[in-house]
Amino acid sequence: MSVEVPPTARKVPSQRERHGDVFVDPYEWLRDKENPDVVAHLEAENAYTESITADQQPLRDAIFDEIKRRTQETDLSVPSRLNGWWYYSRTVEGKQYPMYCRVAAAEDDGELDAWTPPAVVAGIPLDGEQVLLDGNAEAEGHPFFALGGAALTQDGHLYAYAVDNSGDETFTLRIKDVQTGEHLPEAIERVFYGLEFSPDGRRLFYVVADESWRPFQIRVHTLGTPVDHDEVLYEEDDVAQWTSIDLSSDRRWLLVSIGNSEYSETRYLDLADPAASLTVLVPRNERILHSAEIFEYDGAAHVLLVHNGRGVEGGPEGRAFNNMVSLAPLAEFAKPLGEQEWRTVVDHDDAVKIEGADVTSTHLLLSLRRDTMETVRFARLDDVFAHVAGPREGGQAPSFAEPAFGEELYTAGASASDYRAPVVRVRYTSFFTPPRIYDYVLATGELLLRKETPVLGGYDPSDYVAERAWATAEDGTQVPLSVLRHASVRPDGTNPALVYGYGSYEVSMDPAFGIARLSLLDRGIVFVIAHIRGGGELGRRWYEDGKKLRKKNTFSDFVAATDWVVSSGWADPARIGCMGGSAGGLLIGAVLNLAPEKYAVAVAEVPFVDALTTILDPELPLSALEWEEWGNPIEDPEVYAYMKSYTPYENVRRAPYPRVAAVTSFNDTRVLYVEPAKWVQALREASTSGQPIVLKTEMVAGHGGASGRYEEWKDRAWDYAFIADALGARELIA
């Protein structure tokens with residue numbers, strides 16, 4: 001049935017008063033998801049969206065088929081060795097979800113061959129293969145399925161995993177006896193991300209979120225005891241703090257991290273000592289933003305820290321914005337912080353951001369960001385300790401090895417599956433290089449290619465080009481851009497273009513391969529990623545310049561990126577679209593209010609477009625945690641006024657808005673569906689262009705959309721078809 005007229009929600013005035021400002025919101029009633037009128041309205045919006053975009057269905061089908069044709073559906077991951085087993089996952093053609101498997105490893109004789117993954121063939125089980133979890137079986141009978149984490153006991157006998165069947169990112173935790181295939185009787189409801197076994201396998205640590213979806217408790221379940229007897233190991237009462245757990249690389253220490261985007265605290269528990277209690281390692285009152293790893297070297301426990309606030313001589317100093325790496329014996333942390341002696345391993349560098357550090361039994365693994373891109377370096381622990389034990393010479397780092405990959409724009413990361421391994425796993429990708437898995441031999445620096453993700457359908461990376469460009473922001477700042485295109489496209493001012501951005505939480509839009517994106521490039525669309533302030537591409541200062549009372553830099557940077565696309569000749573100014581999700585959806589909403597005439601189409605996915613209303617209510621999911629990102633408008637009138645001046649919903653104005661699609665999920669706990677639902681109503685009422693503005697709500701899904709890879713492909717095909725249709729780019733150019 002054709003629905004030509006968009007749904008109009010009734011207006012029920014709701015008044016908000018704060019800091020002398022009065023705002024009347026006519027659509028706040030849409031927040032009540034238990035109200036049948038709200039559900040009916042969302043369903044009416046879906047019917048209108050389906051009707052108004054029905055002619056795009058052949059294009060959606062074509063893009064879906066292109067994604068499917070290029071994807072090797074029956075595939076597997078490269079096995080990773082841990083505690084005498086090789087672990088990997090399989091996907092099977094026609095199945096939505098992976099199967100998680102393992103097979104016994106040969107005896108570790110200290111030789112490199114023992115760490116060479118077995119030759120696993122897609123679609124053919126190995127002799128002795130055990131299926132730990134079949135996602136398809138777990139999903140059967142449920143409208144949604146997502147795995148929220150898994151953990152194994154060191155002996156490999158028990159497998160704990162957490163499942164979400166609604167999309168609200170709260171999970172049911174179950175424990176499987178791998179030897180018998182049976183589940184233990186206990187099931188723990190409403191757990192959060194993060195679960196770890198103690199080394200003896202008798203205790204399971206897990207995280208619980210409060211009513212506002214803030215992880216605030218660490219609990220301990222002793223196997224075989226009632227769940228309601230579980231001990232609360234730690235509870236965080238500060239509503240602006242996020243709590244998480246991890247195991248040290250050698251699995252001896254439980255690390256509890258508490259913090260936000262500006263400072264943090266670490267506590268630790270010695271799992272080898274049954275009488276040990278949770279102990280503060282680095283307290284929050286020093287306001288040091290850091291991460292910590294505890295490990296043993298030469299018979300003593302040491303702490304490796306990536307941090308922004310300590311100098312070589314000990315004692316608080318000026319902040320090292322891009323982080324530094326320090327090392328200290330664990331015993332030092334029993335002293336007052338100002339008396340502790342931290343020795344510098346890698347000093348602060350304004351041009352290089354230290355993203356993280358980890359250790360194996362022999363090496364230090366360093367993740368860093370240089371020239372916007374993330375890469376990895378390695379150093380022998382013997383060299384590190386020799387360096388910190390010697391005279392201090394300005395914090396110069398020990399000798400690091402860095403693999404060479406040969407591309408200008410790429411992303412590389414490293415991790416060790418087993419603390420004792422002579423190799424570490426390196427993951428590499430670029431915009432047009434499918435993900436590669438290497439083993440990096442720590443002793444020699446050799447890179448051993450284990451797999452490159454196959455791309456079918458005659459894919460040839462030489463058909464595409466990725467280049468770095470720079471846009472000039474209104475304050476003169478140079479904003480990096482990644483410009484992706486089909487090799488046949490020329491800068492003649494006639495092309496369609498899509499500008500994509502995020503720009504929040506210090507999250508970087510790193511080079512990564514995307515099969516779905518090829519469908520846009522093959523239609524002649526120039527895809528431009530704007531690495532705007534608020535992200536982390538150029539280090540911590542880049543992030544600081546796009547948050548709180550500098551947030552508007554994020555939006556003006558994006559407009560400058562759009563202007564560059566026109567002035568460079570890559571796009572017809574009448575054929576430019578914009579796209580972003582979550583905080584990137586806030587970006588799209590703000591940009592459309594600033595310069596609606598610059599865009600022909602916009603797609604905002606799970607968009608945070610009613611930011612001020614949300615952050616003013618600490619009872620809403622994650623609101624209090626957001627104060628370190630946006631400021632606290634409850635307490636600070638300046639923050640309130642600044643946020644009110646850009647929050648998209650409250651700044652919709654009479655203007656020629658382009659064609660807009662707001663895509664959301666009914667069960668999203670990060671950005672509630674009500675935000676785009678209200679925004680769409682305001683846009684329709686204000687727009688003078690006559691262009692359709694639609695709301696598409698997944699009624700059973702979460703922040704990431706529908707579950708299952710085929711459903712994900714359909715969602716991406718829907719978004720891209722909406723854009724390509726509006727830009728007049730429905731047909732393939734080659």
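Two residues are said to be in side-chain contact when any heavy atoms from C-beta on lie closer than 4.5 Å; Arg369 and Ser508 meet this criterion. Taking the side chain as every heavy atom from C-beta outward, Ile634 and Pro618 approach each other to under 4.5 Å. Under the 4.5 Å side-chain criterion, counting only non-hydrogen atoms from C-beta, Leu594 is in contact with Phe555. Contact of the Phe23 side chain with the Leu612 side chain is not registered, since no non-hydrogen atoms from C-beta on lie closer than 4.5 Å. Residues Arg540 and Asn323 form no side-chain contact, since every pair of their non-hydrogen atoms from C-beta on lies 4.5 Å or further apart. No side-chain heavy atom of Trp627 sits under 4.5 Å from any side-chain heavy atom of Asn260. You'll find the side chain of Thr562 reaches within 4.5 Å of the side chain of Ile576, heavy atoms only. Side-chain contact between Ser665 and Met699 is absent, with no heavy atoms from C-beta onward closer than 4.5 Å.
With hydrogens and angles left out, the side-chain atoms of Gln57 and Glu50 include no donor and acceptor closer than 3.5 Å. Residues Asp610 and Thr613 bring a donor and an acceptor atom of their side chains to less than 3.5 Å of each other. Donor-acceptor pairing under 3.5 Å is lacking for the side chains of Glu374 and Thr411. Using modelled atom types and a 3.5 Å distance limit, the side chains of Asp210 and Ser212 yield a donor-acceptor pair. Between the side chains of Asn308 and Tyr263, no donor-acceptor pair of N or O atoms lies under 3.5 Å. With 3.5 Å as the limit, one finds no donor-acceptor pair spanning the side chains of Arg370 and Thr375. For the residue pair Ser415/Arg427, the side-chain donor-acceptor check at 3.5 Å is satisfied. For the 3.5 Å distance criterion, the side chains of Glu605 and Ser582 fail to qualify, holding no donor opposite an acceptor. No side-chain donor from either of Glu45 and Thr697 sits under 3.5 Å from a side-chain acceptor of the other.
Judged by distance alone, the side chain of Gln681 and the main-chain N or O of Pro7 form a donor-acceptor pair under 3.5 Å. The closest donor-acceptor contact from the side chain of Asp557 to the backbone of His531 lies at 3.5 Å or more, if one exists at all. A side-chain donor-acceptor contact under 3.5 Å links Thr49 to the backbone of Leu695. Of the possible polar contacts, one joining the Arg653 side chain to the Asn593 backbone as a donor-acceptor pair under 3.5 Å is found. The backbone N or O of Tyr642 sits less than 3.5 Å from a side-chain atom of Ser645, completing a donor-acceptor pair. Put simply, the side chain of Asn667 gets close to the backbone of Ser166: a donor and an acceptor are under 3.5 Å apart.
Contact between Ala611 and Thr647 at its shortest, heavy atoms only, is N-OG1, 3.1 Å. The shortest heavy-atom contact between Tyr599 and Pro658 is O-CB, 3.1 Å. Taking every heavy atom of both residues into account, Pro633 and Ile615 meet most closely at CD-CG2, 3.6 Å. Taking every heavy atom of both residues into account, Tyr27 and Ala682 meet most closely at CE1-N, 4.4 Å. Ala561 and Ala471 get closest at one heavy-atom pair: CA-CB, 3.9 Å. Across Arg730 and Leu59, no two heavy atoms sit closer than the pair O-CD1, 3.6 Å.
Leu42 CG to Thr664 OG1: the interatomic distance, rounded to the nearest 0.5 Å, is 8.5 Å. Rounding to the nearest 0.5 Å places NZ of Lys68 at 5.5 Å from OH of Tyr710. One distance of note links CG of Leu481 with OG of Ser568; it measures 9.0 Å at 0.5 Å rounding. Between atom CZ of residue Arg468 and atom OG of residue Ser482 there is a gap of 4.0 Å, rounded to the nearest 0.5 Å. For the atom pair OH of Tyr500 and CG of Leu520, the computed distance is 12.5 Å after rounding to the nearest 0.5 Å. Note: Arg523 CZ to Leu518 CG = 11.0 Å, rounded to the nearest 0.5 Å.
Taking the ring axis of Tyr97 as reference, the NZ or CZ atom of Arg709 does not stay both within 45° of it and closer than 6.0 Å to the ring centre. For the pair Arg436 and Tyr428, the cation-pi criterion (under 6.0 Å, within 45° of the ring axis) is not fulfilled. For the pair Arg716 and Tyr720, the distance from NZ or CZ to the six-membered ring centre is under 6.0 Å and the angle to the ring normal is within 45 degrees. A cation-pi arrangement, defined by a distance under 6.0 Å to the six-membered ring centre and an angle within 45 degrees of its axis, is absent between Lys33 and Tyr673.
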Check your understanding: Yes or no on side chain to side chain donor-acceptor pair (under 3.5 Å) for Tyr640 and Asp21, after CA distance, side-chain angles and deciding distance?
Key -> CA-CA 9 Å; Tyr640 177 91; Asp21 174 70; 2.5 Å; yes
Exercise for review: Would you check, one step at a time, whether the test side chain to side chain contact (heavy atoms under 4.5 Å, CB included) holds for Val352 with Asn322?
Suggested key: CA-CA 7 Å; Val352 178; Asn322 277 345; 6.0 Å; no
Exercise for review: Start with the C-alpha gap between Thr53 and Arg60, add the side-chain angles, then the distance that decides, and say whether side chain to side chain donor-acceptor pair (under 3.5 Å) holds.
Suggested key: CA-CA 10 Å; Thr53 65; Arg60 291 177 211 146; 2.6 Å; yes
**Study point:** Check against salt bridge (Lys or Arg N to Asp or Glu O under 4.0 Å), Glu474 and Lys552
**Key:** CA-CA 11 Å; Glu474 61 182 19; Lys552 290 182 182 179; over 6 Å; no
Check your understanding: Under the side chain to side chain donor-acceptor pair (under 3.5 Å) criterion, do Asp475 and Thr477 qualify, and how do the steps go?
Key -> CA-CA 6 Å; Asp475 63 359; Thr477 298; 2.9 Å; yes
Review point. Yes or no on salt bridge (Lys or Arg N to Asp or Glu O under 4.0 Å) for Glu467 and Arg485, after CA distance, side-chain angles and deciding distance?
Key: CA-CA 9 Å; Glu467 297 173 319; Arg485 59 183 172 84; 3.7 Å; yes
Check your understanding: Would Lys714 and Glu712 satisfy salt bridge (Lys or Arg N to Asp or Glu O under 4.0 Å), going step by step from the backbone distance to the final call?
Key -> CA-CA 5 Å; Lys714 289 177 184 177; Glu712 180 184 344; over 6 Å; no
Exercise for review: Test side chain to side chain donor-acceptor pair (under 3.5 Å) on Thr688 and Arg654 and set out the steps.
Suggested key: CA-CA 7 Å; Thr688 61; Arg654 190 82 174 156; 5.9 Å; no
Exercise for review: Please assess Glu629 against Lys548 for the test salt bridge (Lys or Arg N to Asp or Glu O under 4.0 Å), listing each intermediate value before the final yes or no.
Suggested key: CA-CA 6 Å; Glu629 180 73 19; Lys548 290 190 173 178; over 6 Å; no
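Of the listed residues (Glu628, Glu262, Glu626), just one forms a salt bridge (Lys or Arg N to Asp or Glu O under 4.0 Å) with Lys547, and that residue is Glu262.
Below 30°, between 30° and 60°, or above 60°: for Tyr505 and Tyr502 the angle between ring planes is between 30° and 60°, a tilted geometry.
Aromatic pair Phe608/Trp630: centroids less than 6.0 angstrom apart. A ring-centre distance under 6.0 Å is found for Trp213 and Phe192. Between Tyr410 and Phe513, the ring centre distance reaches or exceeds 6.0 Å. Taking the six-membered ring wherever Trp is involved, the centroid distance between the rings of Tyr193 and Phe171 falls below 6.0 Å.
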